[in-house]
**Student:** 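Once you've had a glance at the structure underneath, I'll fire off some questions.
Read the numbers this way: they start at 1 and go in the same order the structure lists the ligands and their atoms. For the single chain, residues carry numbers from 1 onward in sequence order.
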Amino acid sequence: MFKKVLIANRGEIALRVHRACQEMGIRTVAVHSTADATAMHVRLADESVCIGPPAARDSYLNVAAILSAASITGADAIHPGYGFLSENANFAEMVEAHGFTFIGPTAEHIRMMGDKIAAKQAMKSLGVPLVPGSDGELASLDEARAVAERILYPVLIKAAAGGGGRGMKVAHSADELEEAWRVARTEAKAAFGNDAVYMEKYLDRPRHIELQVLADTHGHVVHFGERDCSLQRRHQKLVEEAGSPALTAAERDALGAQVTAGLSKLGYRNAGTLEFLWQDGQFAFIEMNTRLQVEHPVTEMVCGIDLVKEQLRVAAGEKLGYTQSDISFSGHAIECRITAEDPESFAPSPGRVNTYHAPGGLGVRVDSALYSGYAVPPHYDSLVAKLVVHGKTRAEAIARMRRALAEMVVDGIRTTLPLHQRIMEDAQFQSGDYTIHWLERFVGLKG
Ligand code: MV4
């Protein structure tokens, strides 16, 4: 096992990784920008290194500074967290080239899944169901027309280098196709430097359901069930659940069996998440994320496992030591992402937190780097706390979340706490019957 891990991240996820290391007897190195000198992840780590000025490109994205910090502190391995360099194949390659272990998949798999066309082709060859669409990149507008006529409108044109909702254009009919084709390619070129696009049938009311997987370096792959991440606004998730209110255990098991068998063939390693759209009782793969995700705690709550410890173990070459049948799902978990934003306009609201009080009690977990007197810097993501609850049933989890939200105090800045309370109180949310479009409508309606 590693003796010392450098955590190439900040905020709650840096703390999350530190906690797993601490319990495993692994020393931690925090890296931080000058804006984060007093941050909780720096305070708790065994050692810390300042890697640059506030702007992320000069600090948390500064590969040379991070590798230097690993070198001078004698770290064995680097955990990238999520965001920043976590899905940068070149970074993973550099980490390994400098003799450190990258706690994540191989650079080759990160690169493959970063290319959404290559990812779909890989999944197709493994028998994972896809949304009907083009067979790879669209070579011309004529080809786009032909594919759309085969799969029928409405269709989506997506950027090969996109993901997370960037570079998507819908065409509802043939006369919208040329415009969608041109705009999608122009935007893809500008945003990613790559104008390759592909086409999918547009699903109009799907749920977003994702499957958590873990692989060791000995060909063993397991899944830890699904998360329902349909509750999002402008591609930012607000609430996640495990399991999905829409899925039966049999549907989950069937998908899981197919995916784990496929990833074993692919030689995938470490943690990963496959994203699916789910509509009319059918799964369709859209993307794979090759990192630990923000919402991983809901999975941990229902499975009773520590995903970061598992990542560390398999990165160190250990065998999983258990099989799919050893993994069971108990109860229901919900996560609310509390951000430093106005709960109505979503305008960023950084600044000093006068009073911070975390809720507690049975089945309540708070992952946060906040403390009373902490100033939330304006330079980074607005996530300040993840409030996660577990209950025997979904109804108990919702009641527990409402109680925990009412206890929580983040005073001095605006946060999305009141919005989460409104969501939990809503009858349709409580029914579990919602799609990816539900929340945008909900936040558009007043009171
Ligand atoms: C889609 C879709 C409908 N049909 N693909 C948006 C983010 C990216 N991961 C994929 N996205 C979508 N792909 C087809 N064929 C609708 C979305 C989508 C979405 C997906 C998941 C969660 C929230 C979403 C919000 C808007 C659109």
**Student:** Ring-plane angle category for Phe442 and Trp438, please: parallel below 30°, perpendicular beyond 60°, tilted otherwise.
**Tutor:** parallel
**Student:** Going by the order shown, which atoms of ligand 1 are within less than 4.0 Å of some heavy atom of Val131?
**Tutor:** 15 (N)
**Student:** If you count heavy atoms of other groups shown closer than 6.0 angstrom to CZ of Arg441, is the number above 12?
**Tutor:** no
**Student:** Could you tell me the residue and atom name of the protein heavy atom closest to atom 25 (C) of ligand 1, and the distance to it rounded to 0.1 Å?
**Tutor:** Gln232 NE2, 3.3 Å
**Student:** Has ligand 1 got any nitrogen or oxygen that is less than 3.5 angstrom from a nitrogen or oxygen of Cys229?
**Tutor:** no
**Student:** If only side-chain N and O atoms count, and only distance matters, is there a donor-acceptor pair under 3.5 Å linking Gln293 with Glu240?
**Tutor:** no
**Student:** Looking at atom 7 (C) of ligand 1, what's its closest protein heavy atom, distance included?
**Tutor:** Gly165 N, 3.2 Å
**Student:** Between Glu200, Lys158, Gln236, flag the one that comes closest to atom 13 (N) of ligand 1 by a heavy atom.
**Tutor:** Lys158
**Student:** Among protein heavy atoms, which sits nearest to atom 19 (C) of ligand 1, and what does the distance come to when rounded to 0.1 Å?
**Tutor:** Ile436 CD1, 3.4 Å
**Student:** Do Arg205 and Asp280 meet the salt-bridge criterion of a basic N to acidic O distance under 4.0 Å?
**Tutor:** yes
**Student:** Please identify which atoms of ligand 1 are closer than 4.0 Å to at least one heavy atom of Tyr202.
**Tutor:** 3 (C), 4 (N)
**Student:** Would you find a donor on one side and an acceptor on the other, under 3.5 Å apart, between the side chain of Ser59 and the backbone of Ser33?
**Tutor:** no
**Student:** Using heavy atoms and a threshold below 4.0 Å, how should the contact between Leu277 and ligand 1 be classified: side chain, backbone, both, or neither?
**Tutor:** side chain
**Student:** Between Ser140 and Asp142, is there a side-chain donor-acceptor contact under 3.5 Å, judged purely by atom types and distance?
**Tutor:** no
**Student:** Ignoring hydrogens and angles, state whether a donor on the side chain of Tyr60 or Asp36 is under 3.5 Å from an acceptor on the partner side chain.
**Tutor:** yes
**Student:** Heavy-atom distances under 4.0 Å are what count here, so tell me which part of Glu287 touches ligand 1: side chain, backbone, both or neither.
**Tutor:** side chain
**Student:** Answer with yes or no whether Met168 contacts ligand 1, where contact means a heavy atom under 4.0 Å from a ligand atom.
**Tutor:** yes
**Student:** Is it the case that Glu251 and Thr248 place a side-chain donor and acceptor less than 3.5 Å from each other?
**Tutor:** yes
**Student:** Using a 4.0 Å cut-off to any heavy atom of Glu275, which atoms of ligand 1 qualify?
**Tutor:** 9 (N)
**Student:** Classify the contact between Leu203 and ligand 1 as side chain, backbone, both or neither, using a heavy-atom distance cut-off of under 4.0 Å.
**Tutor:** both
**Student:** Is the shortest N/O to N/O distance between His208 and ligand 1 below 3.5 Å?
**Tutor:** no
**Student:** Pick out which of His296, Arg227, His223 makes a side-chain hydrogen bond (donor to acceptor under 3.5 Å, both in side chains) with Gln212.
**Tutor:** Arg227
**Student:** Under 3.5 Å, is there a donor-acceptor pair between the Gln232 and His208 side chains?
**Tutor:** no
**Student:** Which of the numbered atoms in ligand 1 are below 4.0 angstrom from a heavy atom of Lys201?
**Tutor:** 4 (N), 14 (C), 15 (N)
**Student:** Identify, by atom number and element, the atoms of ligand 1 in contact range of Leu156, meaning under 4.0 Å from any of its heavy atoms.
**Tutor:** 1 (C), 2 (C), 3 (C), 4 (N), 5 (N), 14 (C), 15 (N)
**Student:** Students should be able to answer this: which protein heavy-atom is nearest to atom 6 (C) of ligand 1, and at what distance?
**Tutor:** His235 CE1, 3.5 Å
**Student:** Considering residues, nucleotides and ligands other than Glu407, do more than 12 of their heavy atoms fall under 6.0 Å from its CD?
**Tutor:** yes
**Student:** Under 4.0 Å from a heavy atom of Ile286: give me the atoms of ligand 1 that qualify, with their elements.
**Tutor:** 9 (N), 10 (C)
